[in-house]
Number of protein chains: 2
Amino acid sequence: MKNISAKIDDHFDSHSLATASLENLYRIFTVPEAPNSTLGAIDKEISANLMGFLTDRIVTREKSLKAIEADFSDSDFPEVPQFVSEYTDFVMEKLVAHSVHTSAPGFIGHMATPLPYFMLPLSRIMVALNQNLVKIETSKAFTPLERQVLGMLHGIVYERDSAFYEDNLHNSRRALGSFCSGGTTANITALWVARNQMFRPTDGFAGLAKEGIARALAHSGYKDLAIVVSERGHYSLGKAADVLGIGRSNVVSVPTDAKSKIDVKELRNTCARLKRDNIGILAIVGIAGATETGMVDPLDDMANIAEEFGAHFHVDAAWGGPTLLSNTHKHKLKGVERADSVTIDAHKQLYVPMGAGMVVFKNSMALGAVEHHAEYILRAGSKDLGQYSIEGSRPGMAMLVHAAFHIIGRKGYEIIIDQNVDKAKSFAGMIDEHPDFELITDPELNILNYRYVPAAVQAKLRNASSKEQKAINEVLDRLTKRMQKQQRASGKTFVSRTRFSQVRYGGEPVSVFRVVMANPMTTIETLRAILKEQAAIGGRDGNLKILAEIDS
Amino acid sequence: MKNISAKIDDHFDSHSLATASLENLYRIFTVPEAPNSTLGAIDKEISANLMGFLTDRIVTREKSLKAIEADFSDSDFPEVPQFVSEYTDFVMEKLVAHSVHTSAPGFIGHMATPLPYFMLPLSRIMVALNQNLVKIETSKAFTPLERQVLGMLHGIVYERDSAFYEDNLHNSRRALGSFCSGGTTANITALWVARNQMFRPTDGFAGLAKEGIARALAHSGYKDLAIVVSERGHYSLGKAADVLGIGRSNVVSVPTDAKSKIDVKELRNTCARLKRDNIGILAIVGIAGATETGMVDPLDDMANIAEEFGAHFHVDAAWGGPTLLSNTHKHKLKGVERADSVTIDAHKQLYVPMGAGMVVFKNSMALGAVEHHAEYILRAGSKDLGQYSIEGSRPGMAMLVHAAFHIIGRKGYEIIIDQNVDKAKSFAGMIDEHPDFELITDPELNILNYRYVPAAVQAKLRNASSKEQKAINEVLDRLTKRMQKQQRASGKTFVSRTRFSQVRYGGEPVSVFRVVMANPMTTIETLRAILKEQAAIGGRDGNLKILAEIDS
């Protein structure tokens, strides 16, 4: 039911649309939402109690996707303006209620983090200003701010001296990094730069940026190009290879060891083989916090190999990068300072709202390889940030990163990160001790993998031949998938699942639960409850029936 | 000065950081900003009076970029957490005060629009939910909502029947479009699809997506690839050619006619030449609302040529697309319904905050050419939107587009669009009547170009030889640049400038003012004042001195 005041305060009278006048329309730009209107009240509710809003307004029981789709199935563009209050009622009932409470303490399945309260009013300032970072004429102070944010991140990764930053931070001919909408575009940007740097203009060749890949290859004499990464590389690397015209099958996958880290010997062999085959190594990509396992590749060893083969060394630290803010754990990323480029997402472990990825470059001239200009903006020598970004128009998200850096501070991040790693270790301990679960990845940072395997089945697996193991694992895979869906449907807690090769099972892929520890509100009690819930789900009739297939 | 209540309500005591505890940190996630805190008060101020906030808080006098940079020059990551109130004071003084008031009625220089009030509380809901649209597990109802928004936009462009939308809207094997962070990524996506569709898998060839461009070309027998667009094409097309590995010099530029529209005869000649030279035409790109002039290419004629040469026909309607919502002006885009793909930005003429571009495809199978999967998300057959997007993790901006569609409605947009076109025509009339201004582009939509040329100089230009014209125009170019900077610096009003070839001056490029009519608050009086201000600036001593060079 719409209340009367809301009706008065709303902007359109849909019943008198024949008279929809310019004057009525002006009101949406000039008359604020009244605090007691439907939308105004919800605004206040969120501001006063974010967690309460999310907990109360999102229903926990899963509504079928089909039923949700029915609410969004009209393909006709709305002809007649709708009351704001009416629309708000719709949004609350149909959209908000059936969103995902990604910041619930028991939602530990994806890289979703809760937001600090200060992000809400600061986001409003950002939206209200509606700056466009592509050019200084529509962003002004936001431009130096973004360059500072990139400089601070650069400093965390590369720790150059203050003279370096004085020279580079606001130098229009230099760029310490590029601000992106996310980690995927950051990875694409890094490999775009690597590709163009590999084929710079020379005599009789205007460079790959101008002439394209086919001519670049012909000119260089290479037979083809390759991007080398462990089999745990993020799927965005395959997408980047596609987008950049290199081809997905030219992402060369290197096996991992028992700890899910790239096998350095295999990496060197792979590079040697590529060299022998006259295939140019565009980039070697190290992973710092693998999406599936959270593991960090041996970056120092990889940097050595990249140097040996003269390849661009990129580190995908979209997830794990903020670990550098913890003096306790930063050593785990040793070698990242030797990378030519590093991706770090702010909307992950930096607790910034969705839409903030960054890539920093060791060499402040590197982004010159993708520089571009236009007559009405991005003029050469200008400070327009759009010269060095894959995106054009884009919002002032850097402001929220700047805010988080200052209000949380390195020490604040350190506390959060250390706690997350500790909790992952504790959870791994619980899993290991529980007779009916198998720990698959002992966490290095704050992601881990495990599965439900009743004690008796574990014993069977241990004594089985590799052929028998495979048969048992096939049954367990089905069980893992089913349990994950059942847990999600019950709506109380959420873990995700993935599937990757296991050295302990002869390199065969196995489906596992995946847990990401990033919510400071997640407690040991939450984790204990999740394991208990999973054990209970595992004991359901349907699941026992699946397990029974192992004996038959 | 920080007030006491703010001090109490803020989250960190930076003086006792040695004891910065987990408990203190939790508070940033659990304790809301108090309404009477520094940040809380600003939040209320924006909600109650957005225009007042922007007008009062942004200073009009330009501070030098150098001075602004000094406020953002510390490259050290902040070690110690800062009070929220302290940080807020900084943001207000150093960032907000020196942002750009892009929604001021006199800011008519770029494609920046004011935001309707309802966008503020709705943005807060979006940020609070912090959904990630890459996969359904972190977005749920947002996924069908985004598909609906893309379907509605598709309907506006292609007007297919309801059976078509019933079949496609929520079909996981189909996609009517891709939601992007902006028009650049939308254009890249369109050309990425066109490229991969051109080189699909065949016998002995796994397709360009897998094998890369070099092998695709070798397999096809083409010597090279080309993207064909008028010389007014947006700079993102060159960037797309670079990113996609095609090469910037393979964007083939076609001359425009006196109206700044693509010369259709030249387009056909160009295509015929490319064909003769065995160069594959990857795409012909039509412009619907050129960034510099607002002109719309003859899309129907271009569609014919695209058909004739079997090329993908893309229309960059990032700016002009919403014109389709006006029954008065939609005929100007006739032929857009024959395009294979169309880019439309919501953060431009759809009045949505920055960060919302879209590309729709005529064929709902087209995006299959860039489809990709991963083990833990985007599984084949899932409804995860990330399968078809160049970005990975991304925010629920589609919600704000959905809101604008419903609350403004087609009729509401029609009123705004018609008014903007009318105002552009009126402004063109004023310029034409004014003895000291030269109208360069008679607006077709709502963008126009002109320059300051005192009557006496205009007379001289008319009677000059082409060599003399060139000399005069060189002086005028310097004047235009200088005047534009002076106007910007005075901070009252803003027009941008650009430079492009003029048929009337023998095809030589000339610098001009550029005006974009998109703010419903801009009135005829605003426009009159802008012209008056410019005439006054033109009469300043320094500028008269430049003009005097014409006589010497």
Side-chain angles (χ1 to χ4, degrees), chain A residues 28 32 39 43 46 68-69 72 75 77-82 84 87 95 98-100 116-118 121 123 127-129 140-141 144-145 148 151-152 165 170 181-182 184 209-214 217 235 242 245-249 353-355 374-376 392-393 395 406 409-410 412 498-499, chain B residues 28 32 39 43 46 68-69 72 75 77-82 84 87 95 98-100 116-118 121 123 127-129 140-141 144-145 148 151-152 165 170 181-182 184 209-214 217 235 242 245-249 353-355 374-376 392-393 395 406 409-410 412 498-499:
Chain A
I28 64 172
L39 188 52
D43 196 37
I46 299 177
I68 297 175
E69 283 169 356
F72 300 94
S75 61
F77 199 99
E79 175 70 11
V80 178
Q82 195 177 4
V84 173
Y87 181 76
L95 183 70
H98 303 291
S99 298
V100 184
Y117 259 103
F118 61 79
S123 295
V127 171
L129 290 169
K140 233 156 105 184
L145 173 139
Q148 184 188 26
M152 285 175 169
Y165 294 106
H170 295 299
S181 62
T184 294
K210 282 202 178 145
E211 299 206 18
I213 286 186
L217 279 178
Y235 74 91
D242 175 358
I246 296 153
R248 287 172 179 280
S249 57
M354 197 54 60
E375 274 298 346
Y376 59 103
S393 296
H406 284 86
R410 192 201 62 77
T498 188
R499 182 176 172 76
Chain B
I28 63 173
L39 188 52
D43 196 37
I46 300 177
I68 296 175
E69 283 169 355
F72 299 95
S75 61
F77 199 99
E79 176 69 11
V80 177
Q82 197 177 2
V84 173
Y87 181 76
L95 183 69
H98 304 290
S99 298
V100 183
Y117 259 102
F118 61 78
S123 294
V127 171
L129 290 169
K140 232 155 105 185
L145 173 140
Q148 184 188 26
M152 286 175 169
Y165 294 106
H170 295 299
S181 62
T184 294
K210 283 202 179 147
E211 299 206 15
I213 287 187
L217 280 178
Y235 74 91
D242 176 358
I246 295 154
R248 288 174 178 277
S249 56
M354 199 52 62
E375 273 299 345
Y376 60 104
S393 296
H406 284 87
R410 193 201 61 76
T498 188
R499 182 175 171 77

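A note on names: the letters A, B, ... follow the listed sequences, proteins ahead of strands, and every chain is numbered from 1.
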message = With chain B as the partner, which of A:Ser181, A:Gly355, A:Gly182 has the greatest number of non-hydrogen pairs under 4.5 Å?
response =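 The answer is A:Ser181.
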ask   = With respect to chain B, which residue among A:Gly247, A:Pro353, A:Ser393, A:Gly392 yields the maximal number of heavy-atom pairs within a distance under 4.5 Å?
value =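 If we count pairs closer than 4.5 Å to chain B, A:Gly247 comes out on top.
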Heavy atoms only, distances under 4.5 angstrom: which of [options] has the most pairs with chain A? Name it, please.
options	value
B:Ala209, B:Ala128, B:Ala214	B:Ala209
B:His98, B:His170, B:Glu211	B:His170
B:Glu69, B:Arg248, B:Lys140, B:Met152	B:Glu69
B:Ile68, B:Leu95, B:Ile246, B:Ile46	B:Leu95
B:Gly151, B:Ser123, B:Ser249	B:Ser249

key: Set of residues satisfying ring-ring contact (aromatic ring centres under 6.0 Å, His included) with respect to B:Tyr165, sequence neighbours excluded   =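 B:His154.
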ask   = So what's closer than 4.5 Å to chain B heavy atoms on A:Leu217: side chain, backbone, both or neither?
value =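 Just the side chain, heavy atoms under 4.5 Å.
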